[in-house]
Amino acid sequence: MDLLAFAKDIADRVEAQSARTKVPVAVSVIDIHGNVLLQHRMSGAPLFSIEISERKAYTSALVGLRTADLSPLVQPGQDLFPLMGLSGGRYCSMGGGAPLTREGQLVAGVGVSGGTVEQDVAILEAALREPAATRKTDMKLEVVVIPVADADRAKRFYDDLGWRLDIDYSAGDNYRAIQFTPPGSGCSIMFGKNVSTAAPGSVKGLHLIVSDIQATREDLLRRGIAVSELFHDTGGIFHHAEGESLVTGPNPQRKSYASFASFSDPDGNGWVLQEITARLTGHIEDGDTSFTPELTSVVRHAAAGNGAML
């Protein structure tokens, strides 16, 4: 059994339910030996919530009971009263912890903390009741096929970019597949001969995410790549295709997601550099100025359950 995958599935369900109820939480999953399998505090959850979620998970994993059910058993005069003083105080009887079983066998415990005890229990129980059919299936974008007219010319270009050559495979004169991966990327590109029926150069708007757009542009220029000047969009959300809202230069405050540059390969396939220095998580805390006012407003509007349109 892949216990880590099981823990991730449980955590995903908890966080999905947390998002629905708009109560950010921390979630911990601990195995029956007391080892932490997974911990995550959602943006906006109290700082102390991660420790409490860990104690709830630890308790359910080692005792095999829901922490809400344990509470009356550890009161003064009850048989399990001494339990709370054991294990360095790691046991917790606040609701929000539950044992996890596979094929009838106890394998771990999960703990949730961040709201009131009643909210923690409600989020956890709803997540554990979620039918398997509604759970998310991972779908990771790993390869983008780009159409080129000359495979060798394209190979030289992407090699000059400093990208890693993964494969260059030929089967006779009528088929060739070449794959490159940008530095730090989980997604690769593939091109060659008879790997795409699209017109060469027809792929546009492929975005490369960088942490320092000026340094990246300078590096590409040193490599002989023609890169546009930096630009930003006055709309503050994304760049407009028609260009009327585009202004030369990076975003004046260098807000995350707001500065761009572009270049093309020899066939005309278009690439865009986008600077991201802070990641959106679906919740922007008060006082966070990492993003443009327009993007902040849209995200908060959506997080309030009003959709993304303003």
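Values below: all heavy atoms of this structure, side chains included; hydrogens, waters and symmetry mates excluded.
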Visitor: Quick one: does Arg176's side chain have a donor or acceptor within less than 3.5 Å of a partner on Asn194's backbone?
Guide: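 No.
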Visitor: Please determine if Asp219 and Arg223 form a salt bridge, counting it only when a charged side-chain N lies under 4.0 Å from a carboxylate O.
Guide: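 Looking at Arg223 together with Asp219, the answer is yes, because their closest N to O distance falls below 4.0 Å.
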Visitor: Parallel, tilted or perpendicular for Phe180 and Phe191, by the 30°/60° rule?
Guide: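 The arrangement is parallel - the two ring planes meet at less than 30°.
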Visitor: Give the cluster check for Met94 versus Val27: same hydrophobic cluster or not, with ILVMFWY residues linked at side-chain heavy-atom distances below 4.5 Å.
Guide: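 No, it is not one cluster - the side chains of Met94 and Val27 are not joined through contacts under 4.5 Å.
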Visitor: Hey, what do you get for OG1 (Thr292) to NZ (Lys255), rounding to the nearest 0.5 Å?
Guide: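 Interatomic distance, Thr292 OG1 to Lys255 NZ, rounded to 0.5 Å: 8.0 Å.
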Visitor: With the 4.5 Å side-chain cut-off for hydrophobic clustering, are Leu206 and Ile209 part of the same group?
Guide: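 No, no single cluster joins them.
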Visitor: Can you check side-chain hydrogen bond (donor to acceptor under 3.5 Å, both in side chains) on Gln17 and Arg20, steps first, answer last?
Guide: CA-CA 5 Å; Gln17 183 62 29; Arg20 294 186 195 107; 2.8 Å; yes
Visitor: Is the shortest side-chain N to carboxylate O distance from Lys155 to Asp150 below 4.0 Å?
Guide: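 Looking at Asp150 together with Lys155, the answer is no, because their closest N to O distance does not fall below 4.0 Å.
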Visitor: Between Ile284 and Arg300, which heavy-atom pair has the shortest distance, and what is it?
Guide: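 Nearest pair, atom of Ile284 first, then Arg300: O-NE, 3.2 Å.
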Visitor: Does a side-chain heavy-atom distance below 4.5 Å link Phe263 with Leu161?
Guide: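 They are in contact (side-chain heavy atoms under 4.5 Å apart), so the answer is yes.
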Visitor: Distance check, rounded to the nearest 0.5 Å: Ser60 atom OG versus Leu70 atom CG?
Guide: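 Going from OG on Ser60 over to CG on Leu70, the span is 8.0 Å.
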Visitor: Yes or no on side chain to side chain contact (heavy atoms under 4.5 Å, CB included) for Leu220 and Trp271, after CA distance, side-chain angles and deciding distance?
Guide: CA-CA 13 Å; Leu220 293 181; Trp271 294 89; over 6 Å; no
Visitor: For Glu103, does the CD atom sit with more than 12 other heavy atoms under 6.0 Å from it, leaving out its own atoms?
Guide: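 12 or below, so no.
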Visitor: For a side chain to side chain contact (heavy atoms under 4.5 Å, CB included) check, start with the C-alpha distance between Arg66 and Leu124, then their side-chain angles and the critical distance, and finish with the verdict.
Guide: CA-CA 11 Å; Arg66 278 169 162 73; Leu124 176 59; over 6 Å; no
Visitor: Can you tell me how far the CG atom of Leu3 sits from the CG atom of Asp31, to the nearest 0.5 Å?
Guide: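 Answer rounded to 0.5 Å: 6.5 Å.
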Visitor: Donor-acceptor pair, distance only, cut-off 3.5 Å: does the side chain of Ser256 make one with the backbone of Ala278?
Guide: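 Answer holds: yes.
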Visitor: Mind checking whether Glu275 and Thr216 have side chains closer than 4.5 Å, heavy atoms only?
Guide: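 The answer is no, as the side chains (C-beta and beyond) never meet within the 4.5 Å cut-off.
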Visitor: Could you check Thr59 against Arg90 for side chain to side chain contact (heavy atoms under 4.5 Å, CB included), going step by step and ending with a plain yes or no?
Guide: CA-CA 7 Å; Thr59 303; Arg90 290 187 68 187; over 6 Å; no
Visitor: Check for a donor-acceptor pair, side chain of Asp267 on one end and backbone N or O of Ala149 on the other, with a separation under 3.5 Å.
Guide: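 Pair found, side chain donor or acceptor close to backbone of Ala149.
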Visitor: Going by heavy atoms in the side chains, are Phe48 and Arg41 under 4.5 Å from each other?
Guide: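 Side chain of Phe48 against side chain of Arg41, heavy atoms only: no contact under 4.5 Å found.
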Visitor: Decide yes or no on side-chain hydrogen bond (donor to acceptor under 3.5 Å, both in side chains) for Ser28 and Ser53, but give the supporting numbers first.
Guide: CA-CA 6 Å; Ser28 297; Ser53 71; 2.8 Å; yes
Visitor: Show the nearest heavy-atom pair for residues Ala261 and Val227, with the distance to one decimal.
Guide: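 Between these two residues, the closest heavy atoms are CB-CG1, 4.1 Å.
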Visitor: How about Ile30 and Glu54: do any of their side-chain heavy atoms sit closer than 4.5 Å?
Guide: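 In short, these two side chains touch, coming nearer than 4.5 Å.
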Visitor: Apply side chain to side chain contact (heavy atoms under 4.5 Å, CB included) to the pair Phe238 and Leu295, showing each step before the final yes or no.
Guide: CA-CA 9 Å; Phe238 195 63; Leu295 187 55; over 6 Å; no
Visitor: Check whether any side-chain heavy atom of Val299 lies under 4.5 Å from a side-chain heavy atom of Phe291, and answer yes or no.
Guide: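 With C-beta onward as the side chain, the pair stays apart.
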Visitor: Just by modelled atom types, is the Met190 backbone N or O under 3.5 Å from a matching donor or acceptor in the Gln179 side chain?
Guide: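 Checked: no pair found.
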Visitor: Taking all heavy atoms of Pro24 and all of Ser43, pick out the closest pair and write down the distance.
Guide: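 Between these two residues, the closest heavy atoms are CB-O, 3.5 Å.
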Visitor: To the nearest 0.5 angstrom, please state how far the CG atom of Asp265 sits from the CG atom of Asp160.
Guide: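 Asp265 atom CG to Asp160 atom CG measures 12.0 Å (nearest 0.5 Å).
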Visitor: How long is the straight-line distance from SG of Cys92 back to OH of Tyr58, given to the nearest 0.5 Å?
Guide: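 Atom-to-atom, Tyr58:OH and Cys92:SG are 12.5 Å apart.
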Visitor: Quick check on side chain to side chain contact (heavy atoms under 4.5 Å, CB included): which of Val247, Thr248, Leu246, Asn251 does Phe231 satisfy it with?
Guide: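 Considering Val247, Thr248, Leu246, Asn251, a side chain to side chain contact (heavy atoms under 4.5 Å, CB included) with Phe231 is found only for Leu246.
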Visitor: Provide the closest heavy-atom pair for Asp120 versus Gly114 in the form atom of the first, atom of the second, distance.
Guide: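 That closest heavy-atom pairing would be OD1-N, 3.3 Å.
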Visitor: I'd like to know if Arg156 pairs up with Asp152 as an ion pair, taking the criterion as any Lys NZ or Arg NE/NH1/NH2 lying under 4.0 Å from an Asp or Glu carboxylate oxygen.
Guide: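 No.
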Visitor: Does the Arg217 side chain pair with the main chain of Asp212, one donor and one acceptor, at a distance under 3.5 Å?
Guide: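 No, the answer is negative, given that no donor and acceptor are paired below the 3.5 Å cut-off.
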Visitor: Report yes if some heavy atom in the side chain of Ile178 is under 4.5 Å from a heavy atom in the side chain of Leu165; otherwise report no.
Guide: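 Yes. Closest side-chain heavy atoms under 4.5 Å.
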Visitor: Determine whether Leu106 and Leu37 fall in the same hydrophobic cluster, where Ile, Leu, Val, Met, Phe, Trp and Tyr are linked whenever their side-chain heavy atoms lie under 4.5 Å apart.
Guide: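 Leu106 does not cluster with Leu37.
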Visitor: For atom CG of Asp173, decide whether the heavy atoms of other residues, nucleotides or ligands shown that lie under 6.0 angstrom number more than 12.
Guide: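 For Asp173, atom CG is not crowded (no more than 12 foreign heavy atoms under 6.0 Å).
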Visitor: So, do Arg55 and Thr67 sit near enough that their side-chain heavy atoms are less than 4.5 Å apart?
Guide: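 Contact flag for Arg55/Thr67 side chains = no.
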Visitor: If I compare all heavy atoms of Ala151 with all of Gly192, which pair ends up nearest, and what's the gap?
Guide: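 Minimum heavy-atom separation between Ala151 and Gly192: CB-CA, 4.0 Å.
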Visitor: Are Phe260 and Ile225 co-members of a hydrophobic cluster defined by side-chain heavy atoms under 4.5 Å apart?
Guide: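 No.
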Visitor: Using side-chain hydrogen bond (donor to acceptor under 3.5 Å, both in side chains), reason through Thr181 and Ser188 one step at a time and then give a plain yes or no.
Guide: CA-CA 4 Å; Thr181 300; Ser188 305; 2.5 Å; yes
Visitor: Calculate, to the nearest 0.5 Å, the distance between atoms OG and CD belonging to Ser262 and Glu229 respectively.
Guide: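 One finds 10.5 Å between OG of Ser262 and CD of Glu229.
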Visitor: So do the side chains of Pro147 and Asn269 get within less than 4.5 Å of each other, counting heavy atoms only?
Guide: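 Counting from C-beta outward, Pro147 and Asn269 do come under 4.5 Å.
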Visitor: Which pair of heavy atoms, one from Gly111 and one from Lys56, lies closest together, and at what distance?
Guide: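 Closest approach of Gly111 to Lys56, heavy atoms only: CA-CB, 3.8 Å.
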Visitor: Out of curiosity, does Val203 fall in the hydrophobic cluster containing Val195 (side-chain heavy atoms, cut-off under 4.5 Å, transitive links)?
Guide: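 Per the 4.5 Å side-chain linkage, Val195 and Val203 are not co-clustered.
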